[in-house]
2 protein chains.
Amino acid sequence: MLSKKTQYAFHALIHLAENADKGPILISEIAQEKSISIKFLENILLELKNAGILGSKKGKGGGYYLLKPPKEIPLAKIIRLLDGAIALLPCVSLNYYERCENCRDEAVCGLNDVMGKVRDASLKILETKTLKDILTRD
Amino acid sequence: MLSKKTQYAFHALIHLAENADKGPILISEIAQEKSISIKFLENILLELKNAGILGSKKGKGGGYYLLKPPKEIPLAKIIRLLDGAIALLPCVSLNYYERCENCRDEAVCGLNDVMGKVRDASLKILETKTLKDILTRD
DNA sequence: CATAAAACCTATAAAAAAGATAGACTGTTT
DNA sequence: AAACAGTCTATCTTTTTTATAGGTTTTATG
(Lines give C-alpha, C1' and ligand atoms only; values in the text may rest on other atoms or scores of the structure.)
Protein backbone atom coordinates (compact mmCIF):
# COMPACT_ATOMS: atom_id res chain seq x y z
CA MET A 1 0.00 0.00 0.00
CA LEU A 2 1.28 3.44 -0.86
CA SER A 3 1.77 5.83 2.08
CA LYS A 4 -0.45 8.87 2.52
CA LYS A 5 2.57 10.92 1.60
CA THR A 6 2.78 9.38 -1.83
CA GLN A 7 -0.97 9.49 -2.31
CA TYR A 8 -1.01 13.18 -1.42
CA ALA A 9 1.88 13.80 -3.79
CA PHE A 10 -0.06 12.27 -6.67
CA HIS A 11 -3.13 14.35 -5.93
CA ALA A 12 -1.05 17.50 -5.63
CA LEU A 13 0.73 16.80 -8.90
CA ILE A 14 -2.59 16.19 -10.60
CA HIS A 15 -3.84 19.55 -9.39
CA LEU A 16 -0.68 21.28 -10.57
CA ALA A 17 -0.92 19.64 -13.98
CA GLU A 18 -4.57 20.52 -14.40
CA ASN A 19 -3.90 24.14 -13.52
CA ALA A 20 -0.56 24.57 -15.22
CA ASP A 21 -1.89 27.48 -17.25
CA LYS A 22 -2.64 29.54 -14.15
CA GLY A 23 0.98 30.16 -13.15
CA PRO A 24 2.35 29.22 -9.69
CA ILE A 25 -0.21 27.53 -7.44
CA LEU A 26 -0.40 28.12 -3.69
CA ILE A 27 0.23 25.24 -1.27
CA SER A 28 -2.88 26.36 0.55
CA GLU A 29 -4.98 26.07 -2.58
CA ILE A 30 -3.88 22.48 -3.20
CA ALA A 31 -4.35 21.60 0.46
CA GLN A 32 -7.90 22.89 0.45
CA GLU A 33 -8.83 21.45 -2.91
CA LYS A 34 -7.57 17.98 -2.03
CA SER A 35 -8.31 17.92 1.72
CA ILE A 36 -4.70 17.59 2.80
CA SER A 37 -3.10 19.07 5.92
CA ILE A 38 -1.33 22.19 4.68
CA LYS A 39 1.79 21.72 6.77
CA PHE A 40 2.19 18.10 5.77
CA LEU A 41 1.71 18.99 2.14
CA GLU A 42 4.36 21.70 2.48
CA ASN A 43 6.98 19.05 3.29
CA ILE A 44 5.89 16.88 0.41
CA LEU A 45 6.05 19.66 -2.16
CA LEU A 46 9.47 20.59 -0.88
CA GLU A 47 10.69 17.05 -1.45
CA LEU A 48 9.29 17.09 -4.95
CA LYS A 49 11.08 20.36 -5.54
CA ASN A 50 14.40 19.07 -4.20
CA ALA A 51 14.04 16.09 -6.50
CA GLY A 52 13.78 18.39 -9.49
CA ILE A 53 10.15 17.65 -10.26
CA LEU A 54 8.66 20.95 -9.15
CA GLY A 55 9.79 24.56 -9.30
CA SER A 56 8.67 27.28 -6.91
CA LYS A 57 8.48 30.98 -6.52
CA LYS A 58 8.41 32.89 -3.23
CA GLY A 59 6.49 35.99 -2.25
CA LYS A 60 3.32 37.43 -3.64
CA GLY A 61 2.18 35.67 -6.79
CA GLY A 62 4.38 32.73 -5.79
CA GLY A 63 3.62 29.04 -5.50
CA TYR A 64 4.57 25.73 -7.07
CA TYR A 65 4.59 24.57 -10.68
CA LEU A 66 5.70 21.58 -12.73
CA LEU A 67 9.15 21.79 -14.26
CA LYS A 68 8.35 19.25 -16.98
CA PRO A 69 5.32 18.31 -19.02
CA PRO A 70 3.18 15.66 -17.26
CA LYS A 71 3.96 13.01 -19.84
CA GLU A 72 7.62 13.11 -18.82
CA ILE A 73 6.95 12.25 -15.18
CA PRO A 74 6.62 8.48 -14.69
CA LEU A 75 4.60 7.32 -11.70
CA ALA A 76 7.41 5.04 -10.57
CA LYS A 77 9.63 8.05 -10.00
CA ILE A 78 7.21 9.59 -7.50
CA ILE A 79 6.68 6.34 -5.63
CA ARG A 80 10.38 5.64 -5.33
CA LEU A 81 11.09 9.15 -4.16
CA LEU A 82 8.53 9.19 -1.37
CA ASP A 83 7.93 5.55 -0.52
CA GLY A 84 11.09 3.78 -1.54
CA ALA A 85 11.06 0.34 -3.10
CA ILE A 86 8.29 -0.80 -5.42
CA ALA A 87 9.18 -4.49 -5.16
CA LEU A 88 7.51 -6.67 -2.54
CA LEU A 89 10.81 -7.96 -1.16
CA PRO A 90 14.11 -6.19 -0.47
CA CYS A 91 15.95 -8.99 -2.24
CA VAL A 92 14.25 -8.27 -5.58
CA SER A 93 14.35 -4.48 -5.43
CA LEU A 94 16.25 -2.77 -8.24
CA ASN A 95 16.76 0.51 -6.41
CA TYR A 96 16.71 -0.53 -2.76
CA TYR A 97 18.21 -4.00 -2.80
CA GLU A 98 19.02 -5.79 0.43
CA ARG A 99 20.17 -9.33 0.88
CA CYS A 100 17.62 -11.85 2.15
CA GLU A 101 18.41 -12.89 5.69
CA ASN A 102 16.14 -15.89 5.84
CA CYS A 103 17.20 -17.90 2.87
CA ARG A 104 20.45 -19.71 2.29
CA ASP A 105 20.91 -18.84 -1.37
CA GLU A 106 18.95 -16.28 -3.36
CA ALA A 107 19.97 -17.81 -6.65
CA VAL A 108 18.00 -20.90 -5.74
CA CYS A 109 15.15 -19.24 -3.83
CA GLY A 110 11.83 -19.60 -5.58
CA LEU A 111 10.31 -16.67 -3.74
CA ASN A 112 12.94 -14.42 -5.19
CA ASP A 113 12.03 -15.62 -8.63
CA VAL A 114 8.26 -15.08 -8.40
CA MET A 115 8.54 -11.74 -6.62
CA GLY A 116 10.88 -10.60 -9.35
CA LYS A 117 8.13 -11.30 -11.84
CA VAL A 118 5.61 -9.32 -9.79
CA ARG A 119 8.04 -6.43 -9.68
CA ASP A 120 8.50 -6.55 -13.44
CA ALA A 121 4.76 -6.61 -14.05
CA SER A 122 4.23 -3.61 -11.80
CA LEU A 123 7.14 -1.66 -13.22
CA LYS A 124 5.99 -2.25 -16.75
CA ILE A 125 3.00 -0.10 -15.89
CA LEU A 126 4.46 2.31 -13.36
CA GLU A 127 7.44 3.23 -15.49
CA THR A 128 5.50 3.82 -18.69
CA LYS A 129 2.42 5.46 -17.23
CA THR A 130 3.01 9.09 -16.36
CA LEU A 131 1.35 11.99 -14.62
CA LYS A 132 -0.44 12.67 -17.88
CA ASP A 133 -2.16 9.30 -17.65
CA ILE A 134 -3.70 9.98 -14.27
CA LEU A 135 -5.27 13.34 -15.02
CA THR A 136 -9.02 13.53 -14.64
CA ARG A 137 -10.82 11.83 -17.47
CA ASP A 138 -13.38 14.04 -19.13
CA MET B 1 6.92 -4.06 0.63
CA LEU B 2 5.77 -7.20 2.41
CA SER B 3 6.06 -7.17 6.20
CA LYS B 4 8.53 -9.42 8.00
CA LYS B 5 5.54 -11.37 9.20
CA THR B 6 4.54 -12.31 5.68
CA GLN B 7 8.11 -12.97 4.64
CA TYR B 8 8.59 -15.26 7.63
CA ALA B 9 5.33 -17.02 6.79
CA PHE B 10 6.55 -17.79 3.29
CA HIS B 11 9.84 -19.15 4.52
CA ALA B 12 8.09 -21.26 7.13
CA LEU B 13 5.64 -22.64 4.57
CA ILE B 14 8.51 -23.48 2.26
CA HIS B 15 10.21 -25.40 5.03
CA LEU B 16 7.01 -27.27 5.84
CA ALA B 17 6.45 -28.14 2.20
CA GLU B 18 9.99 -29.34 1.70
CA ASN B 19 9.78 -31.55 4.76
CA ALA B 20 6.20 -32.71 4.41
CA ASP B 21 7.33 -36.35 4.40
CA LYS B 22 8.82 -36.06 7.89
CA GLY B 23 5.52 -35.67 9.75
CA PRO B 24 4.80 -32.70 12.06
CA ILE B 25 7.63 -30.14 12.19
CA LEU B 26 8.60 -28.27 15.37
CA ILE B 27 8.24 -24.48 15.51
CA SER B 28 11.73 -24.40 16.97
CA GLU B 29 13.14 -26.30 14.00
CA ILE B 30 11.69 -23.82 11.52
CA ALA B 31 12.81 -20.87 13.62
CA GLN B 32 16.37 -22.12 13.73
CA GLU B 33 16.51 -23.17 10.11
CA LYS B 34 15.21 -19.82 8.85
CA SER B 35 16.67 -17.49 11.50
CA ILE B 36 13.34 -16.32 12.84
CA SER B 37 12.50 -15.40 16.43
CA ILE B 38 10.74 -18.47 17.80
CA LYS B 39 8.06 -16.56 19.70
CA PHE B 40 7.24 -14.35 16.75
CA LEU B 41 7.04 -17.35 14.47
CA GLU B 42 4.73 -19.04 16.96
CA ASN B 43 2.12 -16.31 16.41
CA ILE B 44 2.46 -16.51 12.67
CA LEU B 45 1.99 -20.26 12.51
CA LEU B 46 -1.07 -19.95 14.72
CA GLU B 47 -2.61 -17.46 12.31
CA LEU B 48 -1.92 -19.80 9.44
CA LYS B 49 -3.55 -22.57 11.39
CA ASN B 50 -6.62 -20.50 12.25
CA ALA B 51 -6.94 -19.65 8.58
CA GLY B 52 -7.11 -23.34 7.72
CA ILE B 53 -3.77 -23.50 5.96
CA LEU B 54 -1.86 -25.48 8.55
CA GLY B 55 -2.73 -28.28 10.92
CA SER B 56 -0.97 -28.99 14.20
CA LYS B 57 -0.42 -31.65 16.75
CA LYS B 58 0.44 -31.12 20.42
CA GLY B 59 2.73 -33.06 22.72
CA LYS B 60 5.69 -35.26 21.90
CA GLY B 61 6.03 -35.90 18.20
CA GLY B 62 3.85 -32.86 17.56
CA GLY B 63 4.37 -29.83 15.36
CA TYR B 64 2.90 -28.18 12.28
CA TYR B 65 2.08 -29.53 8.85
CA LEU B 66 0.36 -28.42 5.66
CA LEU B 67 -3.32 -29.28 5.32
CA LYS B 68 -3.25 -29.08 1.54
CA PRO B 69 -0.76 -29.82 -1.20
CA PRO B 70 1.50 -26.81 -1.95
CA LYS B 71 0.04 -26.30 -5.39
CA GLU B 72 -3.34 -25.47 -3.85
CA ILE B 73 -2.02 -22.59 -1.75
CA PRO B 74 -1.86 -19.38 -3.80
CA LEU B 75 0.63 -16.75 -2.68
CA ALA B 76 -2.06 -14.06 -2.70
CA LYS B 77 -3.89 -15.89 0.07
CA ILE B 78 -0.92 -15.71 2.42
CA ILE B 79 -0.26 -12.05 1.70
CA ARG B 80 -3.87 -11.04 2.24
CA LEU B 81 -4.07 -13.00 5.44
CA LEU B 82 -1.01 -11.47 7.07
CA ASP B 83 -0.49 -8.14 5.33
CA GLY B 84 -3.92 -7.18 4.08
CA ALA B 85 -4.45 -5.47 0.75
CA ILE B 86 -2.30 -6.25 -2.26
CA ALA B 87 -3.39 -3.15 -4.19
CA LEU B 88 -1.39 0.06 -3.91
CA LEU B 89 -4.41 2.17 -3.01
CA PRO B 90 -7.38 1.45 -0.72
CA CYS B 91 -9.75 2.64 -3.44
CA VAL B 92 -8.69 -0.13 -5.85
CA SER B 93 -8.48 -2.96 -3.36
CA LEU B 94 -10.78 -5.89 -4.03
CA ASN B 95 -10.69 -7.27 -0.50
CA TYR B 96 -9.96 -4.20 1.58
CA TYR B 97 -11.70 -1.41 -0.30
CA GLU B 98 -11.96 2.07 1.18
CA ARG B 99 -13.26 5.19 -0.45
CA CYS B 100 -10.68 7.76 -1.59
CA GLU B 101 -10.83 10.85 0.58
CA ASN B 102 -8.80 13.10 -1.63
CA CYS B 103 -10.58 12.88 -4.91
CA ARG B 104 -13.99 14.14 -5.82
CA ASP B 105 -15.11 11.23 -7.96
CA GLU B 106 -13.41 7.84 -8.22
CA ALA B 107 -15.18 7.04 -11.46
CA VAL B 108 -13.28 9.86 -13.10
CA CYS B 109 -9.99 9.57 -11.20
CA GLY B 110 -7.12 8.54 -13.42
CA LEU B 111 -5.06 7.30 -10.50
CA ASN B 112 -7.78 4.82 -9.67
CA ASP B 113 -7.66 3.53 -13.21
CA VAL B 114 -3.89 3.00 -13.44
CA MET B 115 -3.56 1.55 -9.97
CA GLY B 116 -6.32 -0.89 -10.83
CA LYS B 117 -4.18 -2.10 -13.71
CA VAL B 118 -1.18 -2.53 -11.42
CA ARG B 119 -3.33 -4.54 -9.05
CA ASP B 120 -4.54 -6.77 -11.88
CA ALA B 121 -1.01 -7.37 -13.12
CA SER B 122 0.19 -8.33 -9.65
CA LEU B 123 -2.80 -10.53 -8.92
CA LYS B 124 -2.43 -12.35 -12.19
CA ILE B 125 0.81 -13.71 -10.80
CA LEU B 126 0.06 -13.89 -7.09
CA GLU B 127 -3.21 -15.73 -7.53
CA THR B 128 -1.90 -18.32 -9.96
CA LYS B 129 1.51 -18.92 -8.44
CA THR B 130 1.38 -21.17 -5.41
CA LEU B 131 3.55 -22.43 -2.62
CA LYS B 132 4.69 -25.14 -5.01
CA ASP B 133 6.19 -22.48 -7.30
CA ILE B 134 8.41 -21.02 -4.62
CA LEU B 135 10.03 -24.20 -3.40
CA THR B 136 13.78 -24.40 -3.73
CA ARG B 137 14.86 -24.97 -7.31
CA ASP B 138 17.19 -27.91 -7.62
C1' DC C 1 12.18 51.13 1.94
C1' DA C 2 8.49 48.99 4.60
C1' DT C 3 5.21 45.63 4.45
C1' DA C 4 2.98 41.58 3.37
C1' DA C 5 2.97 37.41 0.98
C1' DA C 6 4.52 32.88 0.38
C1' DA C 7 7.87 29.39 0.19
C1' DC C 8 11.88 27.35 3.11
C1' DC C 9 13.79 24.91 6.90
C1' DT C 10 14.44 22.40 11.20
C1' DA C 11 12.79 20.32 14.93
C1' DT C 12 9.56 17.91 17.50
C1' DA C 13 5.41 15.53 18.77
C1' DA C 14 1.71 12.32 18.42
C1' DA C 15 -0.21 8.22 16.66
C1' DA C 16 -0.08 3.94 14.59
C1' DA C 17 2.01 -0.15 13.09
C1' DA C 18 5.53 -3.58 13.16
C1' DG C 19 8.34 -6.57 15.48
C1' DA C 20 9.32 -9.13 19.40
C1' DT C 21 8.77 -11.29 24.09
C1' DA C 22 6.67 -13.30 28.42
C1' DG C 23 4.32 -16.56 30.88
C1' DA C 24 0.64 -19.25 32.12
C1' DC C 25 -2.70 -22.83 29.90
C1' DT C 26 -4.15 -27.06 27.30
C1' DG C 27 -3.77 -31.29 25.21
C1' DT C 28 -0.73 -35.57 24.09
C1' DT C 29 2.51 -39.08 24.52
C1' DT C 30 5.00 -42.40 27.12
C1' DA D 1 2.90 -38.39 36.49
C1' DA D 2 6.13 -36.07 33.77
C1' DA D 3 7.78 -34.05 29.77
C1' DC D 4 6.66 -32.18 25.55
C1' DA D 5 4.84 -28.99 22.29
C1' DG D 6 1.34 -26.16 20.64
C1' DT D 7 -2.33 -22.28 22.44
C1' DC D 8 -3.62 -18.04 24.12
C1' DT D 9 -3.49 -13.36 25.76
C1' DA D 10 -1.18 -9.61 27.11
C1' DT D 11 2.43 -6.48 27.01
C1' DC D 12 6.50 -4.11 25.54
C1' DT D 13 9.80 -1.92 22.45
C1' DT D 14 11.11 0.08 18.31
C1' DT D 15 10.30 2.07 14.04
C1' DT D 16 7.64 4.41 10.77
C1' DT D 17 4.10 7.34 9.54
C1' DT D 18 1.53 11.31 9.96
C1' DA D 19 1.16 15.79 11.49
C1' DT D 20 2.34 20.29 13.73
C1' DA D 21 4.98 24.36 15.29
C1' DG D 22 7.43 28.37 14.60
C1' DG D 23 10.91 31.01 12.97
C1' DT D 24 13.72 32.36 8.36
C1' DT D 25 14.35 33.84 3.69
C1' DT D 26 12.96 35.65 -0.62
C1' DT D 27 10.04 38.45 -3.60
C1' DA D 28 6.55 41.74 -5.13
C1' DT D 29 4.58 46.05 -4.61
C1' DG D 30 2.90 50.51 -2.87
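Convention: sequence-line order gives letters A, B, ...; per-chain numbering from 1.
Linking ILVMFWY residues whenever their side-chain heavy atoms come closer than 4.5 Å, directly or via other members, leaves A/Met1 and A/Tyr96 in distinct clusters. Linking ILVMFWY side-chain heavy atoms closer than 4.5 Å, directly or via other members, places B/Leu26 and B/Leu16 in two distinct hydrophobic clusters.
Applying the salt bridge (Lys or Arg N to Asp or Glu O under 4.0 Å) criterion to B/Lys39, with sequence neighbours excluded, gives B/Glu42. The salt bridge (Lys or Arg N to Asp or Glu O under 4.0 Å) search around B/Arg80 returns B/Glu127, not counting sequence neighbours. Evaluation of the side chain to side chain contact (heavy atoms under 4.5 Å, CB included) rule for A/Ala51 yields A/Ile53, A/Leu81 as partners, not counting sequence neighbours. Under the side chain to side chain contact (heavy atoms under 4.5 Å, CB included) criterion, B/Lys58 pairs with no residue, sequence neighbours left out. Partners of B/Lys124 by salt bridge (Lys or Arg N to Asp or Glu O under 4.0 Å), not counting sequence neighbours: none found. In terms of the salt bridge (Lys or Arg N to Asp or Glu O under 4.0 Å) criterion, residue partners of B/Glu47 (sequence neighbours excluded) are, by chain and number, B/Lys5.
Between the C1' atom of C/dA7 and the CG atom of A/Leu41 lies a distance of 12 Å, rounded to the nearest Å. Atom pair B/Ile44:CD1 and C/dT21:P shows a separation of 12 Å (rounding to whole Å applied). Atom P of nucleotide C/dA4 and atom CG of A/Leu26 are separated by 18 Å, given to the nearest angstrom. Following rounding to the nearest Å, A/Leu54 (CG) and C/dA6 (C1') show an atom-to-atom distance of 15 Å. Taking atom CD on A/Glu29 and atom C1' on C/dA5, their separation rounds to 15 Å, with Å as the unit. Summarising the geometry, the separation between CE on B/Met1 and C1' on C/dG19 is reported as 16 Å, rounded to the nearest angstrom.
Within the nucleic acid shown, A/Leu45 has no heavy atom closer than 4.0 Å to any nucleic acid atom. Across all strands shown, B/Ile25 has heavy atoms under 4.0 Å from sugar-phosphate atoms exclusively, and none from any base.
Remark: B/Gln32 CD is loosely packed, at most 12 non-hydrogen atoms of other residues, nucleotides or ligands lying under 6.0 Å away.
A/Leu75 CG to A/Asp133 CG: the interatomic distance, rounded to the nearest 0.5 Å, is 7.0 Å.
For residues 88-101 of chain B, there are no salt bridge (charged side-chain N to carboxylate O under 4.0 Å, His left out) pairs, not counting sequence neighbours.
Contacts with DNA chain D (heavy atom under 4.0 Å) in residues 30-39 of chain A: A/Ser37, A/Lys39, listed by number. For the segment residues 55-63 of chain B, the set of residues with a heavy atom within less than 4.0 Å of an atom of DNA chain C comprises B/Lys57, B/Lys58, B/Gly59, B/Lys60, in numerical order.
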Could you write out each protein N or O paired with an N or O of nucleotides 9-14 of chain D at a distance under 3.5 Å?
none

Pairwise N/O distances under 3.5 Å, protein to nucleotides 16-18 of chain D:
| unit_1 | atom_1 | unit_2 | atom_2 | d |
| --- | --- | --- | --- | --- |
| D/dT18 | OP1 | A/Lys4 | N | 3.3 |
| D/dT18 | OP2 | A/Lys4 | N | 3.2 |

Output a table of donor-acceptor pairs, distance under 3.5 Å, between side-chain atoms of residues 6-15 of chain B and any protein atom two or more places apart or on a different chain; print 'none' if there are none.
| unit_1 | atom_1 | unit_2 | atom_2 | d |
| --- | --- | --- | --- | --- |
| B/Thr6 | OG1 | B/Ser3 | OG | 3.4 |
| B/Thr6 | OG1 | B/Asp83 | OD1 | 2.8 |
| B/Gln7 | NE2 | B/Leu2 | O | 3.0 |
| B/His15 | NE2 | B/Glu29 | OE2 | 2.9 |

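You'll find the side chain of A/Leu88 reaches within 4.5 Å of the side chain of B/Leu126, heavy atoms only.
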